[in-house]
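I am attaching a structure below and will ask some questions about it afterwards.
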Amino acid sequence: DAGVTQSPTHLIKTRGQHVTLRCSPISGHKSVSWYQQVLGQGPQFIFQYYEKEERGRGNFPDRFSARQFPNYSSELNVNALLLGDSALYLCASSPASGGGPYNEQFFGPGTRLTVL
Amino acid sequence: AQSVSQHNHHVILSEAASLELGCNYSYGGTVNLFWYVQYPGQHLQLLLKYFSGDPLVKGIKGFEAEFIKSKFSFNLRKPSVQWSDTAEYFCAVNARGSTLGRLYFGRGTQLTVWP
């Protein structure tokens, strides 16, 4: 079975531009979460979607938005890019939403975003 | 708010040395605890997890961790490290029973093992 896939692998943008990152969850998983990992730090939670609805949002500005499609894939959009948005963006999928024992999150390889 | 502290930012060991990485968390309720590993060029992988029961949990590749509730700690251990254990290790928690599975990560510990 394929794991979590993300595209693109790498992306270079300039300040003020917009970016869209994509994620396909493991087959059968209905929840997708997005995390931002800045160099030297642990991943920080951005969003969680379950059954196409936003279930939670981290402490990120409104420039960050996301959505989940009927096939459970997801997009993360970032507007008006800043230098500080340079990071590895991770997508994680899980069977459901919540902190249950069988709801392990599986991570994709990430998209490395560089903002110049 | 929940927070996770990993006190060792970079650990350097020789092969066969023993490993212990510290992790402490701050949260007022019941938590699930995780250790993730990120090998060079690879994605985050789950090493082990604790939900309930025996506080000593065993994971893949000979790793284990002990949950000490009174100390809010979940330290990772391995009796004898190998060169292939070189990686970054992240401790994480989420709220048990929450409808949101949001993970809170520590800043990570880079482990370098010399052959």
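Letters go in sequence order (proteins before strands), and every chain restarts at 1. The model shown is predicted, which means the values in this text are computed figures rather than measured ones.
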Exercise. Quick check: are there more than 12 heavy atoms from other residues, nucleotides or ligands sitting under 6.0 Å from CG of A:L39?
Worked result: no

Problem set entry | Backbone N/O of B:R102 and side chain of A:Q48: donor-acceptor pair under 3.5 Å |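 No.
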
Exercise. Hey, which residues of residues 106-115 of chain B are touching chain A, say heavy atoms under 4.5 Å apart?
Worked result: B:G106, B:R107

Problem set entry | Close side-chain approach of A:Y35 to B:F105, heavy-atom, < 4.5 Å | yes

Exercise. Is there any residue in residues 34-41 of chain B with a non-hydrogen atom under 4.5 Å from a non-hydrogen atom of chain A, and which ones are they?
Worked result: B:Y36, B:Q38

Exercise. Going only through I, L, V, M, F, W and Y residues with side-chain contacts under 4.5 Å, is there a path from A:F45 to A:L21?
Worked result: no

For this session: Evaluate whether atom CD of A:E53 has more than 12 neighbouring non-hydrogen atoms of other residues, nucleotides or ligands under 6.0 angstrom away.
Result: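 Counting neighbours around CD of A:E53, 12 or fewer heavy atoms of other residues, nucleotides or ligands fall under 6.0 Å, so no.
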
Exercise. Among the clusters formed by ILVMFWY side chains lying less than 4.5 Å apart, do B:L19 and B:L33 turn up in the same one?
Worked result: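 Yes: a chain of side-chain contacts under 4.5 Å links B:L19 to B:L33.
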
Exercise. CZ of A:F106 to CG of B:L44: how many Å apart, nearest 0.5 Å?
Worked result: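 Output value for this atom pair is 13.0 Å.
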
Problem set entry | Point-to-point distance, once rounded to the nearest 0.5 Å, from CD of A:Q105 to CG of B:N94 |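 These two atoms lie 7.0 Å from each other.
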
For this session: Verify side-chain contact (heavy atoms from CB on, under 4.5 Å) between B:F90 and A:Q37, making sure each step is shown before the conclusion.
Result: CA-CA 12 Å; B:F90 294 94; A:Q37 186 178 9; 3.2 Å; yes

Exercise. Transitively linked via ILVMFWY side-chain contacts under 4.5 Å: A:Y89 with A:V115?
Worked result: yes

For this session: Report, as yes or no, whether the 6.0 Å neighbourhood of atom CZ on A:R63 holds more than 12 heavy atoms from other residues, nucleotides or ligands.
Result: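 Result for CZ/A:R63: enclosed.
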
For this session: Examine B:L47 and B:F67 and state if one hydrophobic cluster contains both, with Ile, Leu, Val, Met, Phe, Trp and Tyr joined whenever side-chain heavy atoms are less than 4.5 Å apart.
Result: yes

Problem set entry | Distance (rounded to the nearest 0.5 Å) between A:E104 CD and B:L103 CG |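 Going from CD on A:E104 over to CG on B:L103, the span is 10.0 Å.
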
Exercise. Which one, A:G108, A:S94, A:P109, A:P43, leads in non-hydrogen pairs under 4.5 Å with chain B?
Worked result: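 Heavy-atom pair counts peak at A:P43.
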
Seminar exercise, completed: Turns out that what part of A:R112 lies under 4.5 Å from chain B's heavy atoms comes down to neither

For this session: Count the heavy atoms belonging to other residues, nucleotides or ligands that lie under 6.0 Å from CG of A:N71, then report whether that count exceeds 12.
Result: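 Counting other residues, nucleotides and ligands, CG of A:N71 exceeds 12 neighbours.
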
Problem set entry | Same apolar cluster: A:L11 and A:L88, side chain cutoff 4.5 Å | no

